[in-house]
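This report refers to the structure that appears directly beneath it.
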Amino acid sequence: MSARDIFVEVGAVFSRWLKKTFRRPAFVFFAMVQPVVWFLLFTQSFAKIADIPGFASSTGTNSYLTFFSAAVIIQTVLASAMQSGIGMVTDIESGYMDKMRVAPIHRFSILLGKVMSDGVRILLQSIIIIVLGVILGVTFATGIGGVLVILAIAVTFGIAWSGISTFIALATRNSEATLMISILTTFPLLFLSTAVMPQGLLPDFVQSVATYNPITYVANALHVLVITGYDWTTLGYGLLVILAVGAISLSATTVMFRRAVAS
Amino acid sequence: MRAVDGISFHVERGEVFGFLGPNGAGKSTTIKVLTTLLQKTAGSVTVDGINLEKDPSAIRKIIGYGSQEVSVDDDLTGRENLRLQCMFHHLHKADAEKRINEILKATGLEEAADRRAGTYSGGMRKRLDLATAIITRPKLLFLDEPTTGLDPQNRVAMWEYIKDLNKAGTTIFLTTQYMEEADRLAHRLCIIDNGKIVAGGTPAALKAEIGADVVQLALPDNGAAADRARARQVLGPVAGVQEIKDYDGGLMVFAKNGPSLVPEIVRKLDDVDVHITQISVSAPSLDDVFVKHTGRKMRVEEVTPPRRMVFGGRRRRPM
Ligand SMILES: Nc1ncnc2c1ncn2[C@@H]1O[C@H](COP(=O)(O)OP(=O)(O)OP(=O)(O)O)[C@@H](O)[C@H]1O
Ligand SMILES: [Mg+2]
């Protein structure tokens with residue numbers, strides 16, 4: 001099988017998923033409306049958090065909006081990544097997976113094309129949030145270059161996290177269970193991290209949970225890029241965590257996927 | 001449990017091979033093994049000289065598969081569904097576009113081509129599904145119950161289409177639960193029940209095997225044991241009767257010159273006080289072949305109206 005063949009196959013799967021995504025009204029809702037709701041809801045009701053003594057000194061900003069923009073990105077990335085597995089299950093349920101399995105394509109193209117489309121979806125959603133943030137008055141300390149790094153983090157972290165959802169999907173083969181388990185595991189993690197509140201202001205036990213929470217390290221990386229500047233140690237930790245989560249979730253997914261498509 | 005148990009058959013190049021069986025017989029399971037979707041636990045399969053175990057991807061290049069449940073992508077248009085299939089089979093773009101237009105015309109989907117498949121009717125989706133299976137011009141086409149769920153008009157159109165495909169050189173393996181479909185389309189067929197092949201051959205040969213007309217007697221309450229016994233006793237000696245078989249609704253009498261025996265049968269049964277709720281005579285059908293081998297009727301909705309009540313001897317269909 002030539003490289004060109006694989007390119008065509010992956011492209012076919014990829015473009016199928018992109019079309020499906022953009023034709024769903026639900027996507028438009030999740031991509032546009034939800035971040036707006038988050039921005040307005042949280043920054044309005046929690047704006048006073050920035051007045052708490054220690055907020056400005058520990059975060060480097062006295063604007064909760066600026067601080068919170070990282071949380072909106074992470075929340076959106078997580079929510080989007082959690083949907084990734086659903087498509088896989090619906091394909092198995094509808095028999096479309098079998099249609100692809102009887103076609104003379106490399107089995108791995110089916111997974112790769114899907115993951116790539118997930119990445120693009122997450123990228124577009126992140127861009128929307130950043131534009132929204134800028135409109136609402138968020139300033140990015142690292143400028144355009146930093147925004148590009150933020151997008152790279154969002155996409156790689158999103159793909160890494162989508163592996164979890166796809167794994168659950170392939171393990172349960174049930175779309176409702178996938179969504180339930182994904183939501184139940186993901187959202188508590190968001191609030192037990194430094195995404196919404198600086199580490200120093202979290203209650204003690206949450207602080208210790210946050211230390212072991214991968215989302216904390218990604219949130220920290222985003223925070224420094226938005227608020228202070230290139231802090232290579234924080235960015236390095238963030239990258240390491242993304243790579244670790246990605247390595248584990250994607251290899252587990254690959255194993256499950258192989259099992260699902262085995263003849 | 002074994003969904004399919006120790007079956008063996010071969011399909012000739014260029015023929016339509018039918019796999020006829022009731023619900024749960026193992027038709028889909030067999031087709032999934034043959035199309036590389038399901039792994040068998042034992043045995044060997046060769047498709048076009050290719051060993052299924054050794055080189056499944058070579059088999060995938062030459063086959064097409066229309067699954068029992070329609071599997072088209074509802075978010076994509078008919079044209080996009082077909083285009084995707086062409087990409088999966090690595091067809092060149094110009095060639096693909098040409099084939100897509102041809103097949104849209106042939107399946108009557110031209111007008112709906114650029115609408116999402118989700119807006120199609122059931123019959124249209126089924127036709128689109130078939131189109132995706134054949135657009136790659138497979139040497140060997142597997143169709144799992146291609147007409148289940150279609151209205152009679154669309155069913156006949158589908159039959160014509162399958163015949164045309166076969167005439168153009170495609171070997172077709174099709175499963176069905178309709179006797180008439182197997183009878184009309186298949187050059188040769190197997191009857192499968194409970195995972196086992198119970199009979200096989202050309203439809204004509206299978207029916208000829210019966211070698212008699214079939215007088216079907218439906219008994220009240222599906223035939224009490226006592227009624228069945230008395231009926232057998234009086235009908236057995238009747239001249240011309242070759243065999244009496246039980247089926248789940250009563251008895252089937254295989255007899256030469258069945259129509260002329262009807263008055264006598266009715267009289268004899270009346271003598272011993274066995275009531276009949278229905279009596280019909282017909283030339284042997286695949287249905288009778290099935291009953292003969294399994295002792296059960298297939299119990300699926302019939303394509304044609306049910307057998308006429310006859311007391312005079314009109315055959316349902318000429319042999
Ligand atoms: N995934 C499965 N798990 C367990 N049993 C199964 C599974 N799929 C099929 N079976 C069983 O295998 C047997 C054969 O099923 P199969 O689907 O091959 O029948 P079929 O002839 O295609 O029937 P139908 O006309 O209803 O489509 C049935 O008894 C069914 O219950
Ligand atoms: Mg079936």
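These numbers come from a predicted model, not from an experiment. Naming convention: chains lettered A, B, ... in sequence-line order (proteins, then strands); numbering from 1 in each chain.
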Problem - Between B:Thr77 and B:Asp114, a side-chain donor and acceptor under 3.5 Å - result: no

Completion exercise
chain B shares the most heavy-atom pairs under 4.5 Å, among A:Arg24, A:Arg4, A:Met100, with A:Arg24

Completion exercise
Assert top hit (heavy-atom pairs under 4.5 Å, partner chain B, pool A:Ala103, A:Ser109, A:Gly95) equals A:Ala103

Fill in the blank from the handout: The interface call for B:Val33 against chain A, heavy-atom contacts under 4.5 Å, is neither

Handout entry: Residue pair B:Arg99 / B:Thr136, side-chain donor-acceptor N/O under 3.5 Å
Key = no

Exercise for the section: Tell me yes or no: between the side chains of A:Glu9 and B:His90, is some donor less than 3.5 Å from an acceptor? Expected result: yes

Practice task
Measure the shortest side-chain to side-chain distance between A:Thr76 and A:Ser126 over non-hydrogen atoms and say whether it is less than 4.5 angstrom.
Solution key: no

Handout entry: Contact origin within B:Phe88 toward chain A - heavy atom pairs under 4.5 Å
Key = both

Problem - Contact origin within B:Asp74 toward chain A - heavy atom pairs under 4.5 Å - result: neither

Exercise for the section: Return yes if some donor-acceptor pair links the side-chain N/O of A:Arg173 with the main-chain N/O of A:Val89 below 3.5 Å, else return no. Expected result: no

Exercise for the section: Under 4.5 Å heavy-atom distance to chain A, tell me which part of B:Ser67 shows up: side chain, backbone, both or neither. Expected result: neither

Handout entry: Residue part contacting chain A, namely of B:Gln68, when any heavy atom lies under 4.5 Å
Key = neither

Practice task
Please look at B:Arg116 and chain A and tell me whether the side chain, the backbone, both or neither of the residue comes under 4.5 angstrom of a heavy atom of that chain.
Solution key: side chain

Problem - Separation between CG of A:Leu136 and CG of A:Leu40, rounded to the nearest 0.5 Å - result: 6.5 Å

